[in-house]
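Data first, discussion second: the structure below is written as structure tokens.
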Amino acid sequence: MSTRIPGFYNLSPNKRLEHLAKHANLSKEETEIIKGGKGFSVADADRMIENVIGYMPIPLGIAVNFKVNGKDIFVPMATEEPSVVAAASNAAKYTYNTGGFTTSYSGSIMRGQIQLTNVNDPYGALARIYENKEKILAMCNEQDPTLVSLGGGAKDLEVFVIDGLTQKMVVVHLLVDSQDAMGANAINTMAEAVAPVIEEIAHGKAILRILSNLADKRIIRARGVFENPFQDNEEAMENFLSAYELALIDPYRAATHNKGIMNGISAVVLATGNDTRAVEAGAHAYASMTNHYQSLTHWERGENNSLVGTIELPLAVGLIGGATKSHPIATLATKIMQVETAEELAGVIASVGLAQNFAALKALAGEGVQKGHMKLHARNLAIMAGAKENQLNEVVKCVTQKGSYRFDEIKEIVDTMNKME
Ligand code: MEV
């Protein structure tokens, strides 16, 4: 089914879900789960974390207009922030006729670190660890025969001597192919299991044994050609590119620029039950890889006044293990996306990040974000001002017509309505 559904935005949540149910073959029970009617209970929450008292619902929206590697994808996004889903959908529209987004993946290699202190001969230890590489990798792989049988497992290692404040430390990196899992559990188990052997080889003391969230061997790249987004307006194009340029140079701007990208990325990561903090830590660390924190995206002029956007970042996301499988809505989110591998999932997520960045820069370099944002936020403001459910549409209409989103004015409208009732 094409993700180009004009007017999707104006449908009711039920009607939108009907579209998706048809597209992804969702059963009645599955649509009920998505609506929140059933499927996730306090008992489920209690199994996931500690000291549970309930759970906190977050809106789940669908970004439309996405085509990734030739496949139309409805993208589930869990976020509390207005504008994000609309912006991603709107941005993706510009790429639909140019072929959508295309992606490439470096593979699912994650790093696990084993830190060794009290090593008398750090460089000798480094050499001895490499001499014992096969033995160490075999021991890692004994920990996870399932991963190995799927073609994954510990593939290689790297050893570094690091100048600490008080001593030279030896740090071993296990390079583990985690396939379609995020990989944290497998890697941490391996790191803990081989640490005593590595201690013996290095004649040192193992302290940290944990994966690194700087997943620089799990890089996804996405590219999109945005078709004549400024309708041949050269000044608007220049403004967009100047706005991007600042994010390459100035870390204050780059932080906000990348935050906007993560608005999209984290929303899909969360909707699919993946670890938002792991992805965010990895993205920001990667943005600093040149020792200068900068934009995760690049923008260039394309043919016929199009813009070519690219994004490159580590994405440690999986489709098996963790909440991806244990949370019923996360499972359904991946069913809606119809992605079958971690690579496919990462490709969609990176494309959403790129789309999000396009939308933010276009708005910022144009009329600003506040007009559109406040329009979408008007509903929240009306609720805060005490509007009842049956008054909401009227209040939003009134406020939008006025074009002013001041809270005191919205409150006045609500109060007047209440007086008239
Ligand atoms: C707001 O959540 C995100 C933006 O600030 C991103 C940006 O400035 O690029 C609009």
Side-chain angles (χ1 to χ4, degrees), residues 9 58-63 65-66 75-95 101 222-224 226 229-230 235-271 276-277 279-288 292-301 307-313 315 349-381 384 405 407:
Y9 178 77
I58 297 282
L60 181 68
I62 294 288
N65 303 328
F66 275 86
V75 188
M77 300 178 78
T79 178
E80 88 302 342
E81 185 169 332
S83 308
V84 168
V85 180
S89 304
N90 192 33
K93 210 160 47 182
Y94 290 93
T95 66
F101 298 90
R223 180 176 64 87
F226 293 71
F230 308 109
E235 190 187 347
M237 171 74 97
E238 270 173 21
N239 291 349
F240 182 102
L241 291 169
S242 302
Y244 150 66
E245 210 179 321
L246 189 59
L248 291 177
I249 307 156
D250 173 20
Y252 288 96
R253 173 56 205 155
T256 322
H257 177 101
N258 288 342
K259 186 272 181 187
I261 294 170
M262 300 314 287
N263 275 345
I265 289 184
S266 296
V268 191
V269 172
L270 183 60
T276 50
R277 288 83 53 217
V279 168
E280 281 158 14
H284 293 295
Y286 195 69
S288 318
H292 173 81
Y293 182 84
Q294 59 173 280
S295 166
L296 290 164
T297 55
H298 290 285
W299 293 99
E300 294 158 315
R301 287 171 188 272
L307 258 180
V308 181
T310 47
I311 184 168
E312 176 182 320
L313 79 163
L315 266 183
I349 294 174
S351 304
V352 173
L354 182 59
Q356 211 75 53
N357 186 228
F358 168 84
L361 291 182
K362 184 167 181 285
L364 289 165
E367 64 170 9
V369 286
Q370 274 316 85
K371 199 165 151 208
H373 182 75
M374 291 313 284
K375 205 163 145 188
L376 295 171
H377 192 47
R379 234 181 149 73
N380 292 344
L381 292 173
M384 275 162 61
Y405 300 93
F407 181 71

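For clarity, every value in this text was computed on a predicted model and none was experimentally measured. Along the sequence shown, the residues carry numbers beginning at 1. Atoms within each ligand, like the ligands themselves, are counted from 1 in listed order.
Between Phe226 and Trp299, the ring-plane angle classifies as perpendicular under the 30° and 60° cut-offs. Relative ring orientation between Tyr244 and His298 is described as perpendicular, the plane-to-plane angle rising above 60° on a 0-90° scale split at 30° and 60°. Relative ring orientation between Tyr293 and His284 is described as parallel, the plane-to-plane angle staying below 30° on a 0-90° scale split at 30° and 60°.
A distance limit of 4.0 angstrom between heavy atoms and ligand 1 selects the residues Glu81, Arg253, Thr256, His257, Lys259, Gly260, Asn263, Ala360, Leu364.
Of all non-hydrogen atoms in Val84 and Gln356, the two that sit nearest each other are O-NE2, 2.9 Å.
Not one N or O on the side chain of Thr95 forms a donor-acceptor pair closer than 3.5 Å with the backbone of Ala91.
From Thr297, atom OG1 reaches atom CZ of Arg223 across 15.0 Å, with rounding to the nearest 0.5 Å.
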